[in-house]
Amino acid sequence: MQPEKSVIIDLRFPAEEIENALASSFPGRNIINLGDETTRGLDLSRIDYAVVWKPQADLFSRATGLKVVFSGGAGVDHILTLPGLPDLPLVRFVDRSLTTRMSEWVVMQCLMHLRQTVAYDENRASKIWKELSQPEARDVTVGIMGLGVLGQDAAEKLRHIGFHVIGWSRTPKHIAGVQTFSAGDLDVFLGQTDILVGLLPLTAETTGLFNMALFQKLRQTGALGEPVFINAGRGKSQVEKDVIIALEQGILKGVSLDVFETEPLPADSPLWSMKNVLMTPHAAAASDCKALFQHVQNQIDRFEKGFPLEHVVNRGFGY
Ligand SMILES: NC(=O)c1ccc[n+]([C@@H]2O[C@H](COP(=O)([O-])OP(=O)(O)OC[C@H]3O[C@@H](n4cnc5c(N)ncnc54)[C@H](OP(=O)(O)O)[C@@H]3O)[C@@H](O)[C@H]2O)c1
């Protein structure tokens, strides 16, 4: 029998990273790392907490006494659809390191499009020495869809660089220096946007949201010319065939994608070789294991002292 207050770790992260982080995490607690073969037959029925990312199919039928489930990432779409997910508080991962990494990625992509990296790379390949005309960041409006933890941090950092930043979210927001729009004002928001940044969770409402109809509503006459689409939320929020057509038809000037409808991106996707496509393999903001375990420890401490858990997912809204 396992002692109470143990923690199950069921993460499809690199094994070495998990083991290294566990060596200095959860002092005084018994940890059951399901990545370790020797845990296969263990009775999990009295364990209170589980930290999961793509967990084993039978986890919830084995761990029947859980009190809290922790997501190994900021997004929870893949957990909310798990068969047998118990009706318990689900806490998502919110952490400075993850937020900072995402903002680095978003700022880098916006700057690469602003400073015409693709065009300069092409010129370089043909040994063409030619200065291109250069708008200032302040002449370009970055519109962020999703003003949560990640969207707000990215907005602040983009604003510091000099971009004009606007944002859109389900409920109204007040963010210094950022004009914000709520759900009903989507078209007004899009009509002012030159670089669209998607930092939305995947829910029923955000599935397929980034489609041709939406791309056509972006400002076509901004300082960059045609608009740019950047997505690091979830791939199923974008309709990839529409992204491809929009690029081919010049409705979009360029895109930066970290997330895809199917991951890994299939080898036959035209996105691999299209001009003006910048891509990373869902690597914009990886969860740091040590930071994840510290966050889980903090929340368990709160829970056991009778304080409310933070960052609990609202299952009705799906994020
Ligand atoms: N690519 C990566 O490496 C990576 C890493 C981490 C996270 N992510 C993705 O980034 C997402 C956002 O993370 P976060 O921590 O910023 O989440 P968050 O704090 O929960 O913020 C989500 C934002 O999206 C808005 N939103 C949700 N549904 C909406 C809808 N139907 N219409 C309009 N706005 C809507 C929310 O509006 P309200 O403010 O009104 O609630 C909120 O502003 C995650 O869910 C995950 O999918 C990706």
Side-chain angles (χ1 to χ4, degrees), residues 11-13 53-54 70-81 90-109 143-158 165-175 178 180-190 193 196-211 214 229-238 255-261 263-265 278-289 291-292 295 309-319:
L11 298 166
R12 300 286 82 69
F13 293 174
W53 185 263
K54 301 181 184 164
F70 295 91
S71 168
V76 290
D77 44 286
H78 64 293
I79 296 179
L80 290 174
T81 51
L90 170 61
V91 175
R92 64 192 202 92
F93 182 35
V94 174
D95 173 69
R96 179 200 53 79
S97 69
L98 186 141
T99 305
T100 303
R101 285 173 184 179
M102 179 58 84
S103 292
E104 288 167 0
W105 187 89
V106 170
V107 168
M108 175 177 76
Q109 301 304 327
I144 302 178
M145 288 178 78
L147 291 174
V149 175
L150 302 182
Q152 291 199 29
D153 193 69
E156 190 191 327
K157 287 169 181 165
L158 287 165
V165 182
I166 62 177
W168 180 82
S169 54
R170 195 176 51 78
T171 56
K173 295 274 172 304
H174 299 283
I175 305 170
V178 178
T180 56
F181 298 81
S182 47
D185 297 325
L186 179 60
D187 288 1
V188 186
F189 162 86
L190 294 171
T193 295
L196 180 67
V197 175
L199 285 173
L200 287 166
L202 184 67
T203 66
E205 274 111 53
T206 64
T207 300
L209 183 62
F210 301 120
N211 57 26
L214 180 143
F229 171 55
I230 294 176
N231 192 16
R234 282 288 182 266
K236 286 191 167 53
S237 290
Q238 73 210 7
V255 301
S256 290
L257 302 176
D258 182 59
V259 289
F260 299 86
E261 281 179 56
E263 295 179 4
L265 181 66
L278 303 173
M279 280 176 23
T280 45
H282 202 139
S287 296
D288 176 87
C289 270
L292 169 65
H295 145 89
L309 290 162
E310 297 169 310
H311 316 301
V312 177
V313 171
N314 181 323
R315 295 208 189 185
F317 292 136
Y319 65 97

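Numbering of ligands and ligand atoms starts at 1, following listing order. Predicted model only: the values in this text are computed from it and were never measured.
- Remark: side-chain polar atoms of D258 are paired, donor with acceptor, to backbone N or O of A284 under 3.5 angstrom.
- Annotation for ligand 1: atoms under 4.0 Å from non-hydrogen atoms of E205 are 31 (N).
- Using modelled atom types, no side-chain atom of D185 and backbone atom of V188 make a donor-acceptor pair closer than 3.5 Å.
- Residue L147 approaches ligand 1 through these ligand atoms, each under 4.0 Å from one of its heavy atoms: 23 (C), 42 (C), 43 (O).
- Contacts between L199 and ligand 1, counted as non-hydrogen atom pairs separated by less than 4.0 Å, involve the backbone only.
- By the criterion of a heavy-atom distance under 4.0 Å, neither the backbone nor the side chain of M145 is placed next to ligand 1.
- Here atom 45 (O) of ligand 1 lies nearest to P201 when heavy atoms of P201, G198, A204 are compared.
- Nearest-heavy-atom check against atom 36 (C) of ligand 1 across F93, Y319, W168 picks out Y319.
- Checking side-chain atoms of R234 against main-chain N and O of P201 turns up no donor-acceptor pair under 3.5 Å.
- Residue contacts with ligand 1: D258 is placed with a nitrogen or oxygen under 3.5 Å of a nitrogen or oxygen of the ligand (distance criterion only).
- Side chain of R101 to backbone of A286: a donor-acceptor contact under 3.5 angstrom is found.
- The shortest N or O to N or O distance between R170 and ligand 1 is below 3.5 Å.
- Between the side chain of Q109 and the backbone N or O of L278 there is no donor-acceptor pair closer than 3.5 Å.
- Within ligand 1, counting atoms from 1 as listed, the ones closer than 4.0 Å to a heavy atom of R234 are 8 (N), 9 (C), 46 (C), 47 (O), 48 (C).
- Without hydrogens or angle criteria, T206 side chain to S237 main chain gives no donor-acceptor distance under 3.5 Å.
- No part of F317 comes within 4.0 Å of ligand 1, judged by heavy-atom distances.
- The nearest non-hydrogen atom to atom 25 (C) of ligand 1, considering only N314, T207, T203, L200, comes from L200.
- Within the 4.0 Å heavy-atom criterion, both parts of L150, backbone and side chain, lie near ligand 1.
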